[in-house]
Amino acid sequence: MTANTAVKSKLCGNFVKSAELPEWQDTEQLVAAGANQLEVAQRWEQQTQSPLVSLASVAWAAAVLLGRSFQLDMSEPELPLEPDMSWYGSWQAHGPAVLALVPWADMLRHSSEAGEGAMLAYDPEARAALLAAHKPYAPGAEVFDSHGPGLSWADLIMDHGCVGEGASDNPRYDALLSQHLQPRGPRNAALLEALTTLTGGPPALVLTPSGPDVTCMAALRAGIASDAELIKAGWRSGSKGSDVELCARVMGRLSVPVSLATERRVLQLLEQAVQACVAAYPATIDADRQELQQLVQQQQQQQQDGDSIAESAEAEGLQIRIGVLRALISEKTALLGCAEAVAAWQSAVGALAAGGGAQPTPEQLAAVYGSNSDDDDGWT
């Protein structure tokens, strides 16, 4: 089921076609368009004495939809005689992903052991969504899929509303760069504005146990570099937030350090950001690990005893709390590891500065970071 099938629905098809709502998440627009006048809504109100469409019900529906939907490439296969268009920059071999509901697949839990081969995909020739098992399963065993590569426990609980299976994790902490970075001046602000357009959203501060990746470091330099350094990188004095193509070239140049002073400011900001993020949690990672161990033991004991409570709402709440604790531990692991990486970088940069003689070159500063990123070609 996709968004287009809603138009054909006997239940609400006419409403969907007549409403033409630009923002389906807006409860007021849904009500104003007559959602509570639908037959199903009137029956609901008679039975419950409350409206079907309310802020709470829309929030619940959105959470269910986002937690159970898939992004599928449902474009038709290319014709074999179609000319090669790869030279044309804006040409795409496939259409945009479609938000779809696949009833049988939304029951599967994620396993960190399943790779990309165990991800749901649409087959245009079969006109069906297909999924391959990542291992042999015995009759009656629970089947798992992969919700995506490189997911952290926080991704699973926050984006998919589920608790994954498997021991591996990909610790990561995500925040908006604007929460921790104040642009140094108008030129920096214009460059970050162009970067927002280029990437389709506000720049993110993505922290891992090995530190931020190269794209994150480039965005930090974009906000902190001096006017002279921005001009040297190609961001001209008259550049504006609409100069997206120029922004892409500039970000490529900012993917490596530009000066000792700017690099020190970047690392100082990172240190402060990590400290602020860690301090925002009400509990330590050790406390989370201790609680998680206790809850897992409690869950295992219930399952061994065959206790009826294992199938109850209390058991579901226990499972959710386990997932939340894993997510918290994942984020804190990323932050604590990042703090160690940043401290090591600061020490190395300080050693270069204390070496005497000429200022360190960009190449010498870049060598401080080694291969801390899995995406070394992020902007180039």
Less than 4.5 Å apart, side chain to side chain, heavy atoms only: is that true for [X] and [Y]?
| X | Y | value |
| --- | --- | --- |
| Ser152 | Pro171 | no |
| Pro212 | Cys338 | yes |
| Val258 | Arg253 | no |
| Thr208 | Ser210 | yes |
| Arg187 | Ser239 | no |
| Glu142 | Tyr137 | no |

Exercise. Any side-chain donor-acceptor pair under 3.5 Å between Glu229 and Thr262?
Worked result: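 The criterion, which ignores hydrogens and geometry beyond distance, is satisfied for Thr262 and Glu229.
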
For this session: Please check if any side-chain donor atom of Thr48 sits under 3.5 Å from a side-chain acceptor atom of Trp44, or the reverse.
Result: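 Checked: Thr48/Trp44 side chains pair up, N/O donor to acceptor below 3.5 Å.
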
[atom2] on [Y] to [atom1] on [X], rounded to 0.5 Å:
| X | Y | atom1 | atom2 | answer |
| --- | --- | --- | --- | --- |
| Ser259 | Leu365 | OG | CG | 8.0 Å |
| Arg321 | Gln299 | CZ | CD | 14.0 Å |
| Leu352 | Thr361 | CG | OG1 | 8.5 Å |
| His180 | Leu220 | NE2 | CG | 10.5 Å |
| Leu254 | Leu191 | CG | CG | 6.5 Å |
| Leu120 | Leu108 | CG | CG | 8.5 Å |

Treat each ILVMFWY residue as a node, draw an edge where side-chain heavy atoms are under 4.5 Å apart, and state whether [X] and [Y] are in one component.
| X | Y | result |
| --- | --- | --- |
| Leu205 | Leu198 | yes |
| Phe144 | Leu131 | yes |
| Val256 | Leu269 | no |
| Val98 | Trp104 | yes |
| Met119 | Leu130 | no |

Problem set entry | Arg265/Arg184 under side-chain contact (heavy atoms from CB on, under 4.5 Å): CA gap, chis, key distance, verdict | CA-CA 11 Å; Arg265 285 194 289 268; Arg184 181 171 179 173; 2.7 Å; yes

Problem set entry | Residue pair Lys240, Glu193: steps toward the salt bridge (Lys or Arg N to Asp or Glu O under 4.0 Å) verdict | CA-CA 8 Å; Lys240 301 178 181 179; Glu193 180 184 349; over 6 Å; no

Acceptor/donor pairs from residues 273-288 side chains to any protein atom, 3.5 angstrom cut, sequence neighbours excluded:
unit_1	atom_1	unit_2	atom_2	d
Tyr281	OH	Glu331	OE1	2.6
Thr284	OG1	Ala287	N	3.2
Asp288	OD2	Lys332	NZ	2.4

Count the heavy atoms belonging to other residues, nucleotides or ligands that lie under 6.0 Å from [atom1] of [X], then report whether that count exceeds 12.
| X | atom1 | value |
| --- | --- | --- |
| Glu45 | CD | yes |
| Gln42 | CD | yes |
| Glu340 | CD | no |

Problem set entry | Audit row: Val266, Met217, side-chain contact (heavy atoms from CB on, under 4.5 Å) steps and yes/no | CA-CA 8 Å; Val266 166; Met217 294 295 286; 3.8 Å; yes

Considering non-hydrogen atoms only, spot the tightest contact between [X] and [Y] and give its length.
| X | Y | result |
| --- | --- | --- |
| Ser57 | Leu52 | OG-O, 2.7 Å |
| Ala219 | Leu181 | O-CD2, 4.2 Å |
| Arg264 | Ala353 | NH2-CB, 3.3 Å |
| Leu246 | Arg236 | CD2-NH2, 3.7 Å |
| Leu72 | Ala129 | CD1-CB, 4.5 Å |
| Pro209 | Ala341 | O-CB, 4.2 Å |

Whether the side chain of [X] engages the backbone of [Y] through a donor-acceptor N/O pair (distance < 3.5 Å, no angle test) should be reported.
| X | Y | answer |
| --- | --- | --- |
| Glu263 | Leu260 | no |
| Asp174 | Val206 | no |
| Asp145 | Ala118 | no |
| Arg326 | Trp153 | no |

Problem set entry | Any residue meeting salt bridge (charged side-chain N to carboxylate O under 4.0 Å, His left out) with Asp123, in chain and number order, not counting sequence neighbours |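 With sequence neighbours excluded, Asp123 shows a salt bridge (charged side-chain N to carboxylate O under 4.0 Å, His left out) to no residue whatsoever.
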
Exercise. Which residues satisfy the side chain to side chain contact (heavy atoms under 4.5 Å, CB included) test with Ser178, sequence neighbours excluded?
Worked result: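 Per chain and number, Ser178 pairs via side chain to side chain contact (heavy atoms under 4.5 Å, CB included) with Leu176.
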
Exercise. Which of these, Thr197, Thr199, Leu195, sits in a side-chain contact (heavy atoms from CB on, under 4.5 Å) with Val244?
Worked result: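 Running side-chain contact (heavy atoms from CB on, under 4.5 Å) over Thr197, Thr199, Leu195 with Val244 returns exactly one hit, Thr197.
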
Exercise. Would Leu230 and Asn188 count as a side-chain contact (heavy atoms from CB on, under 4.5 Å) if you check the C-alpha gap in whole Å, the side-chain angles of each, and the deciding distance to 0.1 Å?
Worked result: CA-CA 8 Å; Leu230 290 180; Asn188 305 83; 3.6 Å; yes

Exercise. Name the one of His147, Arg172, His110 that satisfies side chain to side chain donor-acceptor pair (under 3.5 Å) with Asp155?
Worked result: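 Between Asp155 and the candidates, side chain to side chain donor-acceptor pair (under 3.5 Å) is satisfied uniquely by Arg172.
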
For this session: Begin from the C-alpha positions of Trp235 and Cys247 and carry the test side-chain contact (heavy atoms from CB on, under 4.5 Å) through to its verdict.
Result: CA-CA 7 Å; Trp235 191 245; Cys247 169; 4.2 Å; yes

